[in-house]
Visitor: 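Take a look at this one; I'll ask things after.
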Amino acid sequence: MSEKGLLLVISGPAGSGKGTVVSDLMRTYKGEFALSVSCTTRTPRPGEKEGIHYFFIDREEFERRISQGKFLEYAQYCNGNLYGTPMDYVQNRMDEGISVILEIDVQGGLQVRKNYPDAVLVMVAPPDFQTLEARLRGRNTDSEEDIRNRLLRSKEELAKLSLYDYAVINRDRESLKAAQEIHDIVLAEKRSVKRCPDFAKKFYGEE
Ligand code: 5GP
């Protein structure tokens with residue numbers, strides 16, 4: 001019933017596999033979702049591409065954009081870098097009826113909730129802590145210190161689960177199932193009567 005796109009926040013600690021789940025969602029339900037590309041002051045990892053994974057900008061430019069109000073939300077991550085969601089892109093896609101996915105951390109998700117109470121917040125969680133640690137170590141791109149920080153941060157993020165709307169477990173090799181569950185959540189939210197209070201009026205042709 002809701003024709004406007006939803007603002008869908010997908011968070012999950014590093015190692016939850018949310019990136020894979022989001023790729024599965026985009027691929028399986030082509031045209032239904034747009035992925036917001038964030039800006040960051042972090043340096044690119046091998047293979048990461050400008051405008052696809054992130055817009056890589058320096059701190060000075062990031063701070064300029066903050067002061068110009070160009071971010072829907074932004075946060076400083078434990079690696080000291082800033083990450084932010086560009087406002088314009090998100091608004092335009094939602095107006096076109098496309099749901100926009102923000103793949104952001106919990107701090108950012110809660111900022112979005114404050115500014116946009118209609119946003120739907122989904123946490124992608126690993127099945128258990130051992131799986132989380134194994135995934136982080138298996139990635140082989142981060143230093144030991146970085147891994148420890150991410151593990152600590154993961155615990156803090158999962159502790160805030162109750163502030164989210166939905167939790168979806170991403171088991172090894174079952175990311176597609178997690179993606180399907182998120183698609184079901186979006187459909188249910190779009191059918192929610194709270195999102196279309198004027199439905200009955202329109203039905204009877206009343207103003
Ligand atoms: P990474 O350095 O691993 O790419 O990202 C670190 C963390 O920053 C992840 O939890 C990721 O979801 C989060 N992140 C990425 N983009 C944004 C953003 O635009 N805003 C916020 N608040 N977090 C973001």
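Just so you know, ligand 1 is whichever comes first in the structure, and atom 1 is the first atom listed for that ligand.
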Visitor: Parallel, tilted or perpendicular: which fits the ring planes of F33 and H183, with parallel below 30° and perpendicular above 60°?
Guide: perpendicular

Visitor: What is the closest protein heavy atom to atom 18 (C) of ligand 1, and at what distance does it sit?
Guide: I104 CG2, 3.2 Å

Visitor: Is it the case that ligand 1 has an N or O less than 3.5 angstrom from some N or O of R45?
Guide: yes

Visitor: Taking 4.0 angstrom as the limit and counting only heavy atoms of A75, give me the atoms of ligand 1 inside it, by number and element.
Guide: 22 (N)

Visitor: Which atoms from ligand 1 have a heavy atom of R150 less than 4.0 Å away?
Guide: 2 (O), 3 (O)

Visitor: Would you call V21 and I182 a side-chain contact if the rule is heavy atoms closer than 4.5 Å?
Guide: yes

Visitor: Give me the atom names and distance for the closest heavy-atom approach of G109 to Y164.
Guide: CA-OH, 3.6 Å

Visitor: If I take atom CD1 from residue I104 and atom CD from residue E73, how far apart are they, to the nearest 0.5 angstrom?
Guide: 4.0 Å

Visitor: Any idea which atoms of ligand 1 are less than 4.0 Å away from a heavy-atom of K18?
Guide: 10 (O), 12 (O)

Visitor: Given the ring of F129, does K155 sit roughly above its face, with NZ or CZ under 6.0 Å from the centre of the six-membered ring and within 45° of the axis?
Guide: yes

Visitor: Give a yes/no verdict on whether any heavy atom in Q107 is under 4.0 Å from an atom of ligand 1.
Guide: no

Visitor: Can you confirm, on distance only, whether ligand 1 has an N/O atom lying under 3.5 Å from any N/O atom belonging to E73?
Guide: yes

Visitor: Counting only heavy atoms, tell me which of G12, P13, S38, A14 gets closest to atom 16 (N) of ligand 1.
Guide: S38

Visitor: Counting non-hydrogen protein atoms only, what is the nearest one to atom 13 (C) of ligand 1? Give residue, atom name and distance.
Guide: D105 N, 3.8 Å

Visitor: If you count the atoms of ligand 1 from 1 in the order shown, which ones are under 4.0 Å from a heavy atom of G108?
Guide: 22 (N)

Visitor: Show the atoms of ligand 1 that are less than 4.0 angstrom away from any heavy atom in R42.
Guide: 1 (P), 2 (O), 4 (O)

Visitor: Determine whether the side chain, the backbone, both or neither of Y83 has a heavy atom under 4.0 Å from any heavy atom of ligand 1.
Guide: both

Visitor: Is F62 atom CZ crowded by more than 12 heavy atoms from other residues, nucleotides or ligands, each under 6.0 Å away?
Guide: yes

Visitor: When you measure from the centre of the six-membered ring of Y89, is the NZ or CZ of R93 closer than 6.0 Å and no more than 45° off the axis?
Guide: yes

Visitor: Give the numbers and elements of all ligand 1 atoms closer than 4.0 Å to a heavy atom of G84.
Guide: 18 (C), 19 (O)

Visitor: Nearest non-hydrogen contact with atom 5 (O) of ligand 1 belongs to which option: Y77, Y54, F55?
Guide: Y54

Visitor: Which of the numbered atoms in ligand 1 are below 4.0 angstrom from a heavy atom of T85?
Guide: 19 (O)

Visitor: Hey, any chance L151 and V124 share a hydrophobic cluster, counting ILVMFWY side chains that come within less than 4.5 Å of each other, even indirectly?
Guide: no

Visitor: Between K18 and P13, is any pair of side-chain heavy atoms under 4.5 Å apart?
Guide: no

Visitor: At what distance, to the nearest 0.5 angstrom, does CG of D24 lie from NZ of K177?
Guide: 13.5 Å

